[in-house]
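Worksheet for the structure shown next.
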Amino acid sequence: MATPSPSPVHPVPRRSAAPPAALDLLAKARSGLAEAALLPRSNERYATAHLAALRAAAAVLAARGRPEPVHPRRRPRIRSAWEVLPEIAPELTEWSALFASGAARRARAEAGIRDAATGRQADDLVREAGMFLRLVERMLALQPVAQALPLPRTPGPERPEAG
């Protein structure tokens, strides 16, 4: 009986076609989202969840992005990821608008402005960022890591925040 000849194709399928930079950004987004869910202060939760969403958007740009043509006499205008994302991934336009609308609140939260984000706003953003991250992972053909995303918080009184 003849033994089968070895196949030149590796039997283990690749997990993703996304470039390493995109995979690194997604890992940081997952980690940041898990951290956000555990933070006691609503400002910190909000800012950290928004940053996680921004990293997920950056992963899409890293995987699909094309640099804008540079005109020799004109400086390129700096644009936020939320402005560029709909051009690269039109299916994420509504998500882009959602997170772009929260950028000013995130800046206030990071600056330590008291009550920049309520507990409800922070919890909603953690949940929305989690949905966005899962969507981006599917777009980039990734399988979400089990238990990498935070579980929804149960409703209850706002946790006290130290001044």
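Ala29 and Ala52 make their closest contact through CB-O, 3.3 Å (heavy atoms, listed as atom of the first residue, atom of the second, distance). Considering all non-hydrogen atoms of both residues, Ala47 and Glu110 come closest at CB-CG, 3.7 Å. Residue Ala53 comes nearest to Ala129 through the heavy atom pair CB-CB, 4.1 Å, listed as atom of the first residue, atom of the second, then distance. Residues Arg45 and Asp123 share a closest heavy-atom pair of NE-OD1, 2.9 Å. When all heavy atoms of Ala109 and Asn43 are compared, the closest pair comes out as CB-O, 3.5 Å. Residue Gly102 comes nearest to Tyr46 through the heavy atom pair CA-OH, 3.3 Å, listed as atom of the first residue, atom of the second, then distance.
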Stepwise salt bridge (Lys or Arg N to Asp or Glu O under 4.0 Å) test for Arg64 and Glu91
CA-CA 13 Å; Arg64 291 189 180 180; Glu91 65 272 31; 2.9 Å; yes

Give the C-alpha distance, both sets of side-chain angles, the deciding distance and a yes or no for side-chain contact (heavy atoms from CB on, under 4.5 Å) between Leu135 and Arg138.
CA-CA 5 Å; Leu135 177 62; Arg138 280 194 305 266; 3.9 Å; yes

Full working for side-chain contact (heavy atoms from CB on, under 4.5 Å) between Arg30 and Arg55:
CA-CA 9 Å; Arg30 268 187 242 109; Arg55 286 180 171 145; over 6 Å; no

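Using a 4.5 Å heavy-atom cutoff, the side chains of Glu87 and Arg79 are in contact. Residues Leu51 and Lys28 form no side-chain contact, since every pair of their non-hydrogen atoms from C-beta on lies 4.5 Å or further apart.
Ser31 places no side-chain N or O within donor-acceptor distance of the main-chain N or O of Ala27, the cut-off being under 3.5 Å. Looking only at distances, no side-chain donor or acceptor of His50 sits under 3.5 Å from a matching main-chain atom of Leu125. Remark: side-chain polar atoms of Arg105 are paired, donor with acceptor, to backbone N or O of Ala116 under 3.5 angstrom. Thr48 places no side-chain N or O within donor-acceptor distance of the main-chain N or O of Gly32, the cut-off being under 3.5 Å.
Tested against Leu85 for a side-chain contact (heavy atoms from CB on, under 4.5 Å), the candidates Leu54, Thr93, Leu92 yield a single pass: Leu92.
In terms of hydrophobic clustering, with Ile, Leu, Val, Met, Phe, Trp and Tyr side chains grouped at heavy-atom distances under 4.5 Å, Trp82 and Met131 are assigned to a common cluster. There is no path of hydrophobic side-chain contacts, each under 4.5 Å, that joins Leu25 to Val84.
Using bins of under 30°, 30° to 60° and over 60° for the plane-to-plane angle, the ring pair Phe132/Trp95 lands in the tilted bin.
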